Amino acid sequence: MSVFLEISRLTVAFPKAPVPVLNEVELRVAKGEYVAVIGHSGCGKSTMLNVVAGLLPATLGGVLLEGREVSGPGPDRAVVFQNHSLLPWLTCYENIKLAVDQTLSKELTRRERHEWVMEQLALVRMTAAKDKRPHEISGGMKQRIGIARALSMRPKVLLLDEPFGALDALTRAHLQDQVMDIHARLGTTIMMITHDVDEAVLLSDRIVMLTNGPNATVGEILEVDLERPRDRLALAHDPRFVNARAAVLEFLHARHANPALAAA
Amino acid sequence: MNVSSKPVVVAPATITPVTPRALPQINQLAEIAKHVVPPLVVLAVFVAIWEFWGSQPGATLPAPSTVWAQSRDLIVDPFYDRGGLDKGLFWHLLASLQRVAMGFFLSATIGIGVGLLIGTSQFAMRGLDPIFQVLRTVPPLAWLPLSLAAFREAQPSAIFVIFITAVWPIIINTAVGVRNVPQDFRNVAAVIRLRGPAFFWKIVLPAAAPYIFTGLRIGIGLSWLAIIAAEMLIGGVGIGFFIWDAWNSSNLSDIIVALIYVGLVGYALDRVVAFAGNLATRGTQAN
């Protein structure tokens, strides 16, 4: 496996906290791979994503992308935020356009940038709502624009921070299918933070399970050996899917039960 | 997991056709009446009570009918001009509004500028904030003697009083807006590498806009409060002095008419700024 994104001995400690949040996290991701990171809330999985995004500094260790150390945020590691983070004063089109103008102004002419934005809108099937403002569209649509905005930067790695956490189950399933479709078409390397076991098994090639924080680290990595494209209905009774699901559940609820819940 | 077990005999599902019911017609007139009737009723009751108390023997304030009888010219023709200070209310209000416009324009420009500075610079914030916190509690009229001494003329003094009254809420709200740009937006800007002036124009200013307009709305309200009081003292054409003049000539009816106009204009000013804010922030409120 050729290493594309490497997290090497990553330790993150916040000032004043006696114990680091993450301790010696090791992870190697291949190009085009879909990796899910799962763990109980408070285990530091979002912290890990923020370090990869460059929004948080590593205390020790670091992140390498194509052999170069990550320092600071950049469009090569585009983030889809949990709460979509669209700018409310811009339309859907303008939200994406801002990112494109900012990151691809050297590569593309004005005309090409406009077409590129329209292409991204079409990719997430939001062309019809391009002139709406974020408060005029539903949560699922906002998240689709968030995904389009991230993809529009032509990132090397797409970072998804619990992208479907705030959505209802039906919308979530719909968006998961869209992300699988986009991943199949573009072959983008994706790292996704989630706390949804089904989502992790359905979408990813590998599931990285974090132990409980603080001092969290990679407890186990599960290879999801299911061919793509994947169909959620067919997989529901597939023993490989069921076994993978059981393995993650076993890790989360038996061996590494949430200490906060266990104490209660 | 196997759900299918014994076959069960079920009657074929019957489909009840649903005839779509016509939506009840919304009566436009009734909708308008719902909003217009209650204030009219309350107003009528209020005027009736006022009329009753005002027409009691020994009443100190005129009843509505007396106001109408005594100040009919003022109500019916706000545009007359007989030279000097004997003008219709329109001209007095216009003079006051001109002062407010100048003072408010000054305080908006300077207030937003200083607010942006305080919001972005930690040093300016620490240096200026304590001074502002003290100065903003000084009542508007307390500035008047000082500004009269400094400018030696009524007009600039009045404008200065408006400026100094309205500027504080504008500064403070602008600074709060700039400091409260959500971390989410900062993260987005960081990922697309939006920095320096571009970050300021494309993220900070639009994110702070709702706060800035809140400051402007408070500011215009305070300006209108201050100008009436300031004009009472400085004289000349203006609604404030008109009221004072009417009091000196014991013309209570004129005062009541003027007060109603002052209220209406103040309300209109507030709505105008609110409307401008809605346009500028494109209907998106601070979230």
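Only a predicted model underlies this, so the values are computations on that prediction, with no experimental measurement involved.
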Trainee: When rounded to the nearest 0.5 angstrom, what distance separates OG in A/S85 from CD in B/Q183?
Mentor: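 Result: 10.0 Å between the selected atoms.
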
Trainee: Please report the interatomic distance CG(A/L56) to CG(B/N187), rounded to the nearest 0.5 Å.
Mentor: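 Reported value, rounded in 0.5 Å steps: 8.5 Å.
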
Trainee: Checking an interface table here. Which of residues 190-198 of chain B come within a heavy-atom distance under 4.5 Å of chain A?
Mentor: B/A190, B/V191, B/I192, B/R193, B/L194

Trainee: Looking at every heavy atom in both A/W89 and B/P206, which two are closest together, and how far apart are they?
Mentor: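 Minimum heavy-atom separation between A/W89 and B/P206: CE2-CB, 3.1 Å.
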
Trainee: Is atom CZ of B/F105 surrounded by more than 12 heavy atoms (other residues, nucleotides or ligands) closer than 6.0 Å?
Mentor: no

Trainee: Using non-hydrogen atoms and a 4.5 Å limit, figure out which bit of A/A53 sits close to chain B: side chain, backbone, both or neither.
Mentor: neither

Trainee: Which distance, rounded to the nearest 0.5 Å, do you find between the NZ of B/K202 and the CG of A/L90?
Mentor: 9.5 Å

Trainee: Against chain B, work out which of A/V79, A/N83, A/N50 has the most heavy-atom pairs shorter than 4.5 Å and name it.
Mentor: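 If we count pairs closer than 4.5 Å to chain B, A/N83 comes out on top.
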
Trainee: For residues A/L86 and B/F185, report the shortest heavy-atom separation together with the two atoms involved.
Mentor: O-CE2, 3.7 Å

Trainee: Checking an interface table here. Which of residues 146-162 of chain A come within a heavy-atom distance under 4.5 Å of chain B?
Mentor: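 Listed by number, the contacting residues are A/R149, A/M153.
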
